[in-house]
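Heads up: the structure comes next, in structure tokens.
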Amino acid sequence: MKGLVIKNTGSWYSVKTDDGQVIESKIKGNFRLKGIRSTSPVAVGDRVELVANQEGTAFISAIEDRRNYIIRKSQNLSKQSHILAANVDQAFLLVTVNHPQTSTIFIDRFLASAEAYRVPVVLIFNKSDLLTEDELHYERMMMTLYQTIGYACHEVSAATGEGVGQLIPLLQDKITLLSGNSGVGKSTLINRILPNANLRTAEISDAHNTGMHTTTFSEMLELPEGGYLIDTPGIKGFGTFDMEPEELTSYFKEIFKFSEGCRFSNCTHTHEPGCAVLAAVENHHIAASRYQSYLSMLEDKDSNKYREAY
Ligand code: GDP
Ligand code: ZN
């Protein structure tokens, strides 16, 4: 039997089999994933093989190869990592230009780490109903900026429902990770998309607050049109890792394009003569905010703060 892991409570996994039943499952014995020391080797989004047992539950006997996975290092001393989700097709990053303001650094870090994991991101600008003329103007500028770089942007109000309809077809048949700072409206949006999810989001926040389940509990919400929404508390981005400046450059799409004109192939775009990126910043072909975000990630890397960035 094969199926999709849709919920992980830490000890049990809910697996939706290909014929549509949900079976509570456990990991068999000392099942380990090569190369990963994890408190929980199976994650929501995993395709697994099951061996049924008499009690109506099952053992997970194998995991299919993953397209990608999101990992979080645990904060405690064990230094174990935890796989939050696997096989993510795309991320929706929910942002607000006010109430609260999402910083461009936060957005750009998220985008860069998603590029590193090759996960496409759709930017959703929420709370459009709350914005003043000036804020709306700023929001539209931000949308133009990110659209020009190549990210799809949508303006919505989760509270009034305005614009939410345009998101529905984007979600169909995909596993979508919903991310964003706390307070930007993730739960409100989920309740708008899935009116019956009320109880489940409450459960998730409870599990989050007790601390005990924080590192393991995650769930995918099934969408009526097909597809799943992952609302895992505390995902602020994808993990980061050691990388060379050239690699970091490639995660900022427009900076990467200009960097082809730099005189030195290992240019860090900070001080080098003949740097095409610096020239593009000067000429406003690269937004100052994007360049600042690039610099801040470069500094993190230099000061070795990198691993703790999320
Ligand atoms: P989360 O922390 O990302 O899950 O954010 P919530 O969904 O809990 O929303 C935080 C607050 O913002 C709540 O008081 C919501 O009612 C409010 N909120 C969410 N979306 C909107 C919106 O589009 N417009 C307005 N005016 N308020 C919103
Ligand atoms: Zn350069």
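We count ligands from 1, going down the list as the structure has it; atoms in each ligand are counted the same way. Counting from 1, the numbers follow the sequence of the chain as shown.
Residue pairs meeting the side chain to side chain donor-acceptor pair (under 3.5 Å) criterion with at least one partner in residues 259-268, sequence neighbours excluded, are T268-T270, T268-E272. Judged as a salt bridge (Lys or Arg N to Asp or Glu O under 4.0 Å), the pairs with a partner in residues 152-175 (not counting sequence neighbours) are, in order, R140-E155.
Between Y294 and H269, the ring planes lie tilted relative to each other; the angle falls in the 30° to 60° range.
Looking only at distances, a side-chain donor or acceptor of N126 sits under 3.5 Å from a matching main-chain atom of V184.
Near ligand 1, heavy-atom contacts under 4.0 Å come from N126, K127, D129, L130, S157, A158, A159, N181, S182, G183, V184, G185, K186, S187, T188.
When only modelled atom types and interatomic distance are considered, Y146 and D108 share a side-chain donor-acceptor pair under 3.5 Å. Side chains of D134 and T132: no donor on one and acceptor on the other come within 3.5 Å. Defined by atom type and a distance below 3.5 Å, a donor-acceptor pair is present between the side-chain atoms of N53 and T57.
By the criterion of a separation under 2.8 Å, the protein N/O/S atoms near the Zn ion (ligand 2) amount to C262 SG, C267 SG, H269 ND1, C275 SG.
Around NE2 of H99, the count of heavy atoms belonging to other residues, nucleotides or ligands within 6.0 Å exceeds 12. Counting heavy-atom neighbours within 6.0 Å of K253 NZ, excluding the residue itself, gives a total above 12.
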